[in-house]
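A quick write-up on the structure given underneath.
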Amino acid sequence: MARTIIAGNWKMYRTRSEALALVNGILAGAGPVPADRELLVFPAATAIAAVVERCRYSRISVGGQNLHPQREGAFTGEISAAMLIEAGATHVLVGHSERRALFAEDDAFLACKVRAALDAGLEPVFCLGETLAEREAGQTEAVVASQVRLGLGEVSGADLAKLVVAYEPVWAIGTGRTATPDQAETAHRFLRGQLVERWGAAGSGVPLLYGGSVKPGNAAELLSRPEINGVLVGGASLEAASFLGIAAAK
Ligand code: PGA
């Protein structure tokens with residue numbers, strides 16, 4: 001049975017002090033969140049260590065938003081897996097559509113990042129999803145299949161216990177336009193099929209998160225669907241009340 005993960009991607013929002021205020025609010029209000037839900041936040045790199053420190057002995061895990069696949073080197077502006085781990089991160093986002101689109105990260109590069117995260121002991125949250133043009137051209141499944149095949153090209157069955165996949169249709173990210181629960185479930189079923197086809201039974205335990213304009217008002221129905229094992233939340237994760245509203249939604 002896959003876990004239920006409620007993850008907040010804070011993107012380039014919240015300075016260190018603002019991040020601490022946000023996580024304090026989440027910790028203070030987390031009581032009603034069902035105990036079987038894992039809470040995970042992705043602060044800006046400069047806030048990770050402070051948020052980790054604040055979340056010690058709590059139910060909140062902390063991840064980085066990005067990593068470079070090399071162990072170290074002359075890569076100005078980049079951050080390595082070891083740096084994230086030393087800051088206390090346990091997870092890392094890989095392949096977010098903003099990284100793919102704005103920073104031209106392709107599947108081959110993302111595959112190296114996934115491998116580097118796994119080798120270092122970080123749990124990658126691998127994001128994928130189609131653009132509006134791809135959906136309208138009937139290419140959703142082909143795009144998702146290719147992102148799985150290439151982006152997870154370096155992953156073995158044994159790695160799957162440490163992998164999370166997030167389906168985030170690009171047209172739903174930050175647009176207020178959520179995929180309907182049926183659209184999300186259809187994509188998740190296809191994605192699950194791809195994982196099982198490639199890795200067998202191990203593929204059935206990988207948590208599949210839905211992302212794209214998740215709000216307190218639509219989270220319960222998304223989370224009620226069998227193949228939706230959690231959500232990856234952007235905008236609505238930036239306030240404790242809305243993040244908790246999603247986390248507690250039933
Ligand atoms: P959104 O972002 O919830 O603001 O649509 C989701 C994401 O980018 O992960």
Side-chain angles (χ1 to χ4, degrees), residues 4-14 18-19 22-23 26 37-45 47-48 51 60-67 89 91-105 110 113-114 117 122-132 134-135 140 143-144 147 151 163-181 183-185 187-188 191 206-223 225 228-249:
T4 299
I5 299 173
I6 311 295
N9 171 13
W10 297 352
K11 309 192 181 186
M12 201 174 76
Y13 295 99
R14 304 293 178 257
E18 291 165 349
L22 175 53
V23 84
I26 296 171
R37 294 195 178 170
E38 292 184 29
L39 300 180
L40 175 58
V41 295
F42 294 92
I48 292 172
V51 172
I60 301 182
S61 305
V62 183
Q65 296 179 11
N66 187 28
L67 86 164
H91 293 69
V92 65
L93 293 176
V94 177
H96 189 279
S97 73
E98 286 148 20
R99 299 295 318 174
R100 292 175 187 265
L102 303 174
F103 301 95
E105 297 189 358
L110 297 175
K113 291 187 175 210
V114 170
L122 285 169
E123 197 163 321
V125 177
F126 181 68
C127 307
L128 48 74
E130 81 287 359
T131 63
L132 186 58
E134 289 163 343
R135 173 165 283 263
T140 298
V143 168
V144 168
Q147 288 171 330
L163 178 75
V164 176
V165 177
Y167 169 66
E168 298 202 296
V170 178
W171 48 273
I173 295 179
T175 58
R177 188 175 162 187
T178 326
T180 65
Q183 284 173 321
E185 190 181 348
H188 280 227
L191 185 48
V206 175
L208 302 184
L209 314 187
Y210 168 79
S213 299
V214 176
K215 303 277 183 287
N218 59 26
E221 188 169 3
L222 288 162
L223 289 168
R225 300 297 176 112
I228 301 181
N229 313 120
V231 286
L232 178 55
V233 187
S237 72
L238 293 173
E239 300 296 337
S242 49
F243 185 64
L244 289 166
I246 291 166

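As a basis for the values below, the full set of heavy atoms in this structure was taken, side chains included, without hydrogen atoms, waters or symmetry mates. When a ligand or atom number is given, it counts from 1 through the structure's own listing order. Since we're looking at a predicted model, the values are computed, not measured.
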Which atoms from ligand 1 have a heavy atom of [X] less than 4.0 Å away?
| X | value |
| --- | --- |
| S213 | 1 (P), 3 (O), 5 (O) |
| G174 | 1 (P), 4 (O), 5 (O) |
| H96 | 7 (C), 8 (O), 9 (O) |
| G212 | 5 (O) |

Query raised in the report: Which of these passes side-chain contact (heavy atoms from CB on, under 4.5 Å) with L232: I173, L93, I6, V164?
Result: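 It is L93, the one option of I173, L93, I6, V164 that forms the side-chain contact (heavy atoms from CB on, under 4.5 Å) with L232.
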Query raised in the report: Is the closest heavy atom of K215 to ligand 1 under 4.0 Å?
Result: no
Query raised in the report: Does G211 reach ligand 1, in the sense of a heavy atom lying below 4.0 Å from it?
Result: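 Heavy atoms of G211 never come under 4.0 Å of ligand 1.
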Query raised in the report: At what distance is the nearest protein heavy atom to atom 4 (O) of ligand 1, and which residue and atom is it?
Result: G235 N, 2.8 Å
**Report entry** Protein contact to atom 7 (C) of ligand 1 [nearest heavy atom, distance to 0.1 Å]
**Finding:** E168 OE2, 3.2 Å
Query - Electrostatic pair K215:E221 at N-O distance under 4.0 angstrom - result: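 Salt bridge flag = no for E221 with K215.
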Query raised in the report: Does an N or O from T175, backbone or side chain, lie closer than 3.5 Å to an N or O of ligand 1?
Result: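 In this structure, T175 places no N or O atom under 3.5 Å from an N or O of ligand 1.
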Requested in this report: Using a 4.0 Å heavy-atom cut-off, say whether I173 meets ligand 1 through its side chain, its backbone, both or neither.
Outcome: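 Both backbone and side chain of I173 come within 4.0 Å of ligand 1.
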Query raised in the report: So, does N218 use its side chain to make a donor-acceptor pair with the main chain of S213 at under 3.5 Å?
Result: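 Yes.
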Requested in this report: Please work out which of A172, G234, A236 has its closest non-hydrogen atom nearest to atom 1 (P) of ligand 1.
Outcome: G234
Query raised in the report: When you look at M12 and E98, which way does the side chain to side chain contact (heavy atoms under 4.5 Å, CB included) test go after all the steps?
Result: CA-CA 11 Å; M12 201 174 76; E98 286 148 20; over 6 Å; no
Query raised in the report: So Y167 and L128, side chain to side chain contact (heavy atoms under 4.5 Å, CB included) or not? Walk me through it.
Result: CA-CA 5 Å; Y167 169 66; L128 48 74; 4.1 Å; yes
